Amino acid sequence: MSTTSPVRERTAPASPRIRRFTGAQRVLHLILAVTFFGMLWTGLCLWSPALAEVMNRPLAKQWHFWFAIALGVAFVGILILRPRDVSAFAKEVDTLDRADREWLKGGVRRIVSHDGAPEQGWLNAGQKLNTAITIALLIVLTFTGLLLWLGEQNTTFRFTGTVDVHDIATILIVALTCGHLYLALFNRTTRASMSGMIDGTVDREWARANHGRWVAEVEAQTDLDQS
Ligand code: HEM
């Protein structure tokens, strides 16, 4: 007598890769990365007289502006064309459940002890916080950037401190992005996530170890679809 469950008999063997991000999510991330570094470079040229020799201020200002517009247009465009891909991601970031709170509680201790983390969903609590803070800082940068641009046309929009807030938000987002790049490119346990942003898939066993609840949910859904 066979001990295999009927569902398992019908199910094709799981691929060693699992889909993590859709095409639209990857395109939006790529545009975010390109425009972010574009705005950072042109912003540095506006800030530093030495770099203004490499790219003059009027040109840097123009590019700075157009990178910001490109990011805004890409975001709205993908929201219109692929609303489900954006809303699935937003919904994930918006939920901070018990596993997330446990992950956050042990976060600092785990850096030293290397203990295993509590099982996580699609994104872990650190990634959710990273996304939320990055979005908040991008909103602050957009708003203060808009005031700076309007202030050049009309003095009513000039406020003391606008440049300082823009600069502080820049420093914070650069610090956050340095941490993000370290985890994506160098950290041994997390760098396997990189392929998720290239071809959309990651190693299933890596995902199981780092985002176990998410893999279980995807596999349960696949079993249901195939039954
Ligand atoms: C070339 C530079 C970059 C690389 C190599 C990179 C890599 C990655 C990777 C591999 C992921 C997926 C992580 C996962 O599977 O869970 C990711 C997600 C993400 N990236 Fe990037 N990224 C870059 C630039 C940026 C920039 C400039 C920003 C924002 C300023 C950003 C914001 C995010 C956010 C919000 C997420 C989702 C949450 C997270 O994983 O923290 N990325 N990135």
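Both counts, for ligands and for their atoms, begin at 1 and track the order of listing. Bear in mind the structure is a predicted one, so any value in this text is a computation, not a measurement.
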Ligand 1-proximal atoms of [X], by part, heavy-atom distance under 4.0 Å:
| X | value |
| --- | --- |
| S193 | both |
| L183 | neither |
| F89 | side chain |
| Q127 | both |

Hey, could you give me the [atom1]/[atom2] distance between [X] and [Y], rounded to the nearest 0.5 Å?
| X | Y | atom1 | atom2 | answer |
| --- | --- | --- | --- | --- |
| L59 | C45 | CG | SG | 9.0 Å |
| L146 | T162 | CG | OG1 | 11.0 Å |
| F37 | L44 | CZ | CG | 11.5 Å |

Atoms of ligand 1 less than 4.0 Å from [X] heavy atoms?
| X | answer |
| --- | --- |
| F36 | 27 (C), 30 (C) |
| T134 | 29 (C), 30 (C) |
| A33 | 24 (C), 27 (C) |
| L181 | 2 (C), 3 (C), 4 (C), 23 (C) |

Do [X] and [Y] sit within salt-bridge range, that is, some charged N less than 4.0 Å from a carboxylate O?
| X | Y | value |
| --- | --- | --- |
| E205 | R17 | no |
| R26 | D85 | no |
| E119 | R208 | no |
| E219 | R204 | yes |

Below 3.5 angstrom, do we get any N/O pair linking T177 and ligand 1?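 No; every N/O pair is 3.5 Å or more apart.
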Taking atom 21 (Fe) of ligand 1 as the vertex, what is the angle from NE2 of H29 to NE2 of H180, given to 10 degrees?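 Seen from atom 21 (Fe) of ligand 1, NE2 and NE2 are separated by roughly 170°.
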Kindly confirm or rule out a cation-pi arrangement of R20 over W214, judged by NZ or CZ under 6.0 Å from the six-membered ring centre and within 45° of its axis?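 That pair qualifies as a cation-pi contact.
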With respect to atom 35 (C) of ligand 1, which of T131, L32, V93, L137 exhibits the smallest heavy-atom separation?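 It is T131 that holds the nearest heavy atom.
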